[in-house]
Amino acid sequence: DNNLRRMLDTTKNLGHIIESDLASRAAMLQAYAANAGAEDAEAMARWLTLTGLNSDSMLIVTAPSSNSPLLVSARSHIKGYVPPGLVQQALEGKTPVFSQLFFHDDKPRIAIAVRMHKTSDKVLMLTTTPQNLVSAAQNTTDQGALIAVTDGNGRMLARSVQADRYIGTP
């Protein structure tokens, strides 16, 4: 079946695009975390603007010994929230760590965490909405296709049709 083969190819290509999108955001976060000026609330806010992330995003600097964020990006109207276990995972690994979908301030969110410096015990975390990280699913132009992206627990992160209605649902 040519139609089935084409659909499978499209699905595979979209998967690669979404993975590439996430890897690109994570690489930018790692590069910023390695910068000596990363622990400045105003600089953090500028980075969010320059990378195209909107007001639903924030950067947090935290450490495993802290119960709350040490620093939150300036002009953030969102209270800092650190998903349990994410800081420790970022410190133990050499690659960025992605959270599962969680809700904070009644909005679905995803976090990416990276170690600040190779010898640091601090972590830089980007917290944002799934729509900011998984844009490929929303940008589909094929009106006959339904594209859905889920996290490791099967919760909807992005969807090409009626995204606001379904994000966060199983």
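FYI, side chains are in, hydrogens and waters are out, and symmetry mates aren't considered; it's all heavy atoms of this structure.
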Legend entry - Atom of Gln100, atom of Gly152 and distance for their closest heavy-atom approach: OE1-N, 2.7 Å
Inset, instruction - Determine the interplanar angle of the Phe102 and Tyr81 rings, folded into 0 to 90°, and report it as parallel if under 30°, tilted if 30 to 60°, perpendicular if over 60°. - result: tilted
Inset, instruction - Mark yes or no for whether Asn13, through its side chain, and Asp9, through its backbone, hold a donor-acceptor pair below 3.5 Å. - result: yes
Inset, instruction - Without swapping roles, check the side chain of Asp40 against the backbone of Ala43 for a donor-acceptor pair under 3.5 Å. - result: yes
Legend entry - Residue pairs involving residues 40-63 (criterion ring-ring contact (aromatic ring centres under 6.0 Å, His included); sequence neighbours excluded): Tyr32-Trp47
Inset, instruction - Might you work through the side-chain contact (heavy atoms from CB on, under 4.5 Å) test for Leu29 and Thr51, ending with a clear yes or no? - result: CA-CA 10 Å; Leu29 186 64; Thr51 56; over 6 Å; no
Inset, instruction - Please report the shortest heavy-atom distance between Ala33 and Arg115, naming the atom on each side. - result: CB-O, 3.8 Å
Inset, instruction - Kindly give the heavy-atom pair with the smallest separation between Ser99 and Pro83, and that separation in Å. - result: CB-CG, 4.4 Å
Inset, instruction - Report yes if the side chains of Leu48 and Leu59 come closer than 4.5 Å at any heavy-atom pair, otherwise no. - result: yes
Inset, instruction - Can you measure from CE (Met116) to CG (Leu91) and round to the nearest 0.5 angstrom? - result: 11.5 Å
Inset, instruction - Run through Thr128, Thr129, Asp56 and flag the one making a side chain to side chain donor-acceptor pair (under 3.5 Å) with Lys107. - result: Asp56
Legend entry - Spatial distance of atom CG (Asp121) from atom CD (Gln88) [nearest 0.5 Å]: 10.0 Å
Legend entry - Val123 side chain near Val61 side chain, heavy-atom distance below 4.5 Å: no
Legend entry - Pairs flagged by salt bridge (Lys or Arg N to Asp or Glu O under 4.0 Å) wherever residues 80-101 is involved - sequence neighbours left out: none
Inset, instruction - For residues Leu101 and Pro130, report the shortest heavy-atom separation together with the two atoms involved. - result: CD1-CG, 3.6 Å
Legend entry - Least distance between heavy atoms, Ile112 atom then Ala26 atom: CG2-CB, 4.2 Å
Inset, instruction - Quick one: pull up OG1 in Thr127 and CG in Leu86 and give me the separation to the nearest 0.5 Å. - result: 8.5 Å
Inset, instruction - Give, for atom CG of Leu53 and atom CZ of Arg25, the distance between the pair rounded to the nearest 0.5 Å. - result: 4.0 Å
Legend entry - Distance, nearest 0.5 Å, that separates CE of Met58 from CG of Leu71: 11.5 Å
Legend entry - Any donor-acceptor pair under 3.5 Å from Asp151 side chain to Asn153 backbone: yes
Inset, instruction - Drop me the distance from Leu124's CG to Glu39's CD, to the nearest 0.5 angstrom. - result: 8.5 Å
Legend entry - Minimal non-hydrogen separation, Ser57 against Leu126, with atom names: CB-CD1, 4.4 Å
